[in-house]
**Student:** 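Provided herewith is a single structure, encoded as structure tokens, for subsequent inquiry.
Every chain is numbered from 1 and lettered A, B, ... according to where its sequence line falls, protein lines coming before strand lines.
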2 protein chains.
Amino acid sequence: MKSPTRTPTLEDVAQVAGVSRATVSRVINGQASVDVALRRKVLAAVEKIGYRPNNAARQLAGRRTGTVALVLSGSDGSAEEVLSDPFFGRITGGVVKHLRTQGNHPTLFLADSEATRLEAVDHVRRGASDGALLVSTHADDILPGLFVEAGLPAVLFARPALHAPISYVDLAHEVGASLAADRLVSRGRRKVVTIAGPTDVPAAQDRLTGFRKAMARHGHPHIPVAYGNFTRDSGETAMLQLLARVPDLDGVFAANDLMAAGALRALRDAGRTVPAQVAVIGFDDSAPARTAVPPLTTIAQPLEEMAAEMSRLLADQIETPGQDPQCTIFDPHLVERDSA
Amino acid sequence: MKSPTRTPTLEDVAQVAGVSRATVSRVINGQASVDVALRRKVLAAVEKIGYRPNNAARQLAGRRTGTVALVLSGSDGSAEEVLSDPFFGRITGGVVKHLRTQGNHPTLFLADSEATRLEAVDHVRRGASDGALLVSTHADDILPGLFVEAGLPAVLFARPALHAPISYVDLAHEVGASLAADRLVSRGRRKVVTIAGPTDVPAAQDRLTGFRKAMARHGHPHIPVAYGNFTRDSGETAMLQLLARVPDLDGVFAANDLMAAGALRALRDAGRTVPAQVAVIGFDDSAPARTAVPPLTTIAQPLEEMAAEMSRLLADQIETPGQDPQCTIFDPHLVERDSA
DNA sequence: ATGAAAGCGCTAACAC
DNA sequence: GTGTTAGCGCTTTCAT
């Protein structure tokens, strides 16, 4: 039986329950001051006619949308890869899970071009979402600036390259890198090199700096470095360069797992065994780290918790606009596997 | 300078441009019948005061939300893993990319419990989204039924286990399995076995059936089978069983890449070389297939295209409600790598 | 071609 | 404690 009847409104419920719209509204919104008898009548009426509050009407009358823009942008601008990347996956999962405890949900944006970035901002401007969660792995992102300018609630994953008065969560990258250094040294490595990420990415910078500092503390002031761009191939290339420059190297710290995996490949092709001859440590504890041969020892970020914190900071900001930016820094930990 | 002024409305634009709200509305919505001079005035005013149409108001006045619920549910109910799975990632990417060509965006739902499933339905019921895209890998999903019952626009990825009058896109799984069979046979394999997925998942059924049929055509009416649940570990276990039952096996078709990867591990531990002694073929062309050692020959689904088609079918349904369900079946293709 | 006005469904003052 | 009422910002007849 297909009933072409208009979907029921507050008014309908009021009619059926024999009360006013206001009363129904109060019941729906769980306000205290409603007589128990009436409340039950209303609830019964709601049940009976299958009433659901209309979202648009609610918003228009001054409530939240219950929606948050989740804006993802990878370094390479390729949309499909972003979402297949467990890094974004874990963050997204964490966001969804935390938001829904508040009855909210993320609307997904892939910011892979100027146009799509503007779309995301526009979406929030129109009030289609209450605010935005910005997760980007490239340096030159204009998004934070746009949101700040527009005075729209937004929280970043990772400190922005261009300083801006905006809330964010981040990892203590230097601490992570020093964990790697300590491990390498404690494994008896003396000829250690590193594969760094792009110099314009703050996280890459911090990891390199942290690693150098820690190695210096261990008595190794000079660490040969080659740069990659966080891809497997770039890691392989970097490893090749390093091998040429430092033939007798015995330890490698790569700024992410993908590059570490690339290094593994180069090492294997060069006939070096891991970890016997060369110890390798990655960063991120991503899926490739687990499936690498041998499995990678790596530095893990608590991505889900960080995602939850982002959501929390954003909710805060939506709740109380005009606050000062806040940031939360999380500690990484070492995941011991076979490669080092 | 932070200006605490109320965000501009249609009315404001009208005032500035010296026309009526109606005219502004017409310009905003690109209606033909507006004098060029006025149109320009309006546009100028819009530009000047930075006007953006309010979403809620628009919806309330009878338009679409511009949002679609994307409901993901993995077989195991674990939220984080779902989003780290490239399978869902590619689909999500495809959905985002296609939707945005229409100015729409997906709102993400993880349907990992009864409650979260109902939330997703509710979301659409309240008109917070215009319809839903349902992507589930488990068999007993009640979601399709809920949407059908509620008369809400929805499109499925994959044919539902429980038949329901609902649109979906799917793969010609049997064709895919026969591709695998042909390959194995053409590689000279005579003692072929298969690792199947859960019997209650239609896709798993079809892959098994298709494989058996194809092998029968090649003169092998009986194919030993072990069942897994699409995880790596279950694939390893299944392979072990098969190895015990058919010690001289020389070819394996696994119903997905993860199980194939598990099989690879079991094979290696058993001292068998791949592909020399045993050829292995997976299904899905997922990331693990590429990184497996050796890289897996596998059957690929055009996930992004399928995702786009889902979006298209849904848009259709939203546009013209009350249509008959439609479905589109896509053809898989063989991806040749080293394992077979 | 343009304007006036009637809602869309809900919330929140404000009265009773 | 409950009802009345005035919007929220927009689209859309309906006149003009």
**Student:** Can you tell me if B:Ser129 and B:Thr67 form a side-chain donor-acceptor pair at under 3.5 Å?
**Tutor:**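 No, because no side-chain N or O of B:Ser129 sits under 3.5 Å from a partner of the opposite role on B:Thr67.
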**Student:** Counting only side-chain heavy atoms from C-beta out, which of C:dT2, D:dG9, C:dG9 sits nearest to A:Ala57?
**Tutor:**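 Of the options given, the side chain of A:Ala57 lies nearest C:dG9.
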**Student:** Please report the interatomic distance CD(A:Glu319) to CD(A:Gln317), rounded to the nearest 0.5 Å.
**Tutor:**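 The CD atom of A:Gln317 is 12.0 Å from CD of A:Glu319, to the nearest 0.5 Å.
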**Student:** Please tell me if A:Thr9 has a side-chain N or O lying less than 4.0 Å from either OP1 or OP2 of C:dG9.
**Tutor:**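 No.
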**Student:** Rounded off to whole Å, could you give me the CD-to-C1' distance for the B:Gln59 and D:dC8 pair?
**Tutor:**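 Whole-Å distance recorded here is 13 Å.
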**Student:** Take atom CD of A:Gln31 and atom C1' of C:dC14, then tell me their distance rounded to the nearest Å.
**Tutor:**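 So the two atoms are 14 Å apart, to the nearest Å.
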**Student:** May I have the distance from B:Tyr51 (atom OH) to D:dG9 (atom C1'), rounded to whole angstrom?
**Tutor:**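 In whole Å, D:dG9 C1' lies 7 Å from B:Tyr51 OH.
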**Student:** Give a yes/no on whether any side-chain N or O of B:Asn54 is located under 4.0 angstrom from OP1 or OP2 of D:dC8.
**Tutor:**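 No, because none of the side-chain N or O atoms of B:Asn54 sits under 4.0 Å from OP1 or OP2 of D:dC8.
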**Student:** What is the separation between atom CZ on B:Arg64 and atom C1' on D:dC10, rounded to the nearest whole Å?
**Tutor:**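 Going from CZ in B:Arg64 over to C1' in D:dC10 covers 16 Å.
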**Student:** To the nearest 0.5 Å, tell me how far A:Leu43 CG sits from A:Lys48 NZ.
**Tutor:**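 Interatomic distance, A:Leu43 CG to A:Lys48 NZ, rounded to 0.5 Å: 14.5 Å.
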**Student:** Strictly below 4.0 Å: does B:Ser20 bring a side-chain N or O up to OP1 or OP2 of C:dT2?
**Tutor:**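 For C:dT2, OP1/OP2 do not have a side-chain N/O of B:Ser20 under 4.0 Å.
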**Student:** B:Ala22 or A:Arg63: which one's nearest nucleotide on DNA chain C is closer to the 5' end?
**Tutor:**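 That would be B:Ala22.
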**Student:** Let me confirm one number: the CD1-CZ distance from B:Ile142 to B:Phe147, rounded to the nearest 0.5 Å.
**Tutor:**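 Here the rounded value is 10.5 Å.
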**Student:** Is it true that A:Arg312 and A:Asp316 have a side-chain N and a carboxylate O under 4.0 angstrom from each other?
**Tutor:**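 The answer is no: the pair does not qualify as a salt bridge.
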**Student:** To the nearest Å, give me how far apart CG (A:Leu10) and C1' (D:dC8) are.
**Tutor:**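 Rounding to the nearest Å, CG of A:Leu10 and C1' of D:dC8 are 15 Å apart.
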**Student:** Is it the case that D:dG3 (base atoms only) and A:Arg26 (side chain only) share a donor and an acceptor within less than 3.5 Å, ignoring hydrogens and angles?
**Tutor:**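 When only heavy-atom distances are counted, A:Arg26 does reach the base of D:dG3 through a donor-acceptor pair under 3.5 Å.
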**Student:** Calculate the interatomic distance between A:Arg21 atom CZ and C:dC10 atom P; express it in whole Å.
**Tutor:**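 So the two atoms are 9 Å apart, to the nearest Å.
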**Student:** Calculate the interatomic distance between B:Gln15 atom CD and D:dC10 atom P; express it in whole Å.
**Tutor:**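 Taking atom P of D:dC10 as the reference, CD of B:Gln15 is at 13 Å.
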**Student:** Under 4.0 Å from OP1 or OP2 of D:dT2: is there any side-chain N or O of A:Thr23 that close?
**Tutor:**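 It does not, given that no N or O in the side chain of A:Thr23 lies less than 4.0 Å from OP1 or OP2 of D:dT2.
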**Student:** Could you work out which one of D:dT11, D:dT2, C:dT11 sits closest to the side chain of A:Asn29?
**Tutor:**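 Nearest listed nucleotide: C:dT11.
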**Student:** Across the strands shown, which category fits B:Ile28 at heavy-atom distances under 4.0 angstrom: base, sugar-phosphate, nothing?
**Tutor:**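 Answer is nothing: B:Ile28 stays at 4.0 Å or more from every strand.
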**Student:** To the nearest Å, give me how far apart CZ (A:Arg40) and P (D:dT2) are.
**Tutor:**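 For the pair A:Arg40 CZ and D:dT2 P, the rounded distance is 14 Å.
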**Student:** Taking only the side-chain nitrogens and oxygens of A:Arg58, find out if one of them lies under 4.0 Å from OP1 or OP2 of C:dG9.
**Tutor:**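 For C:dG9, neither OP1 nor OP2 has a side-chain N or O of A:Arg58 closer than 4.0 Å.
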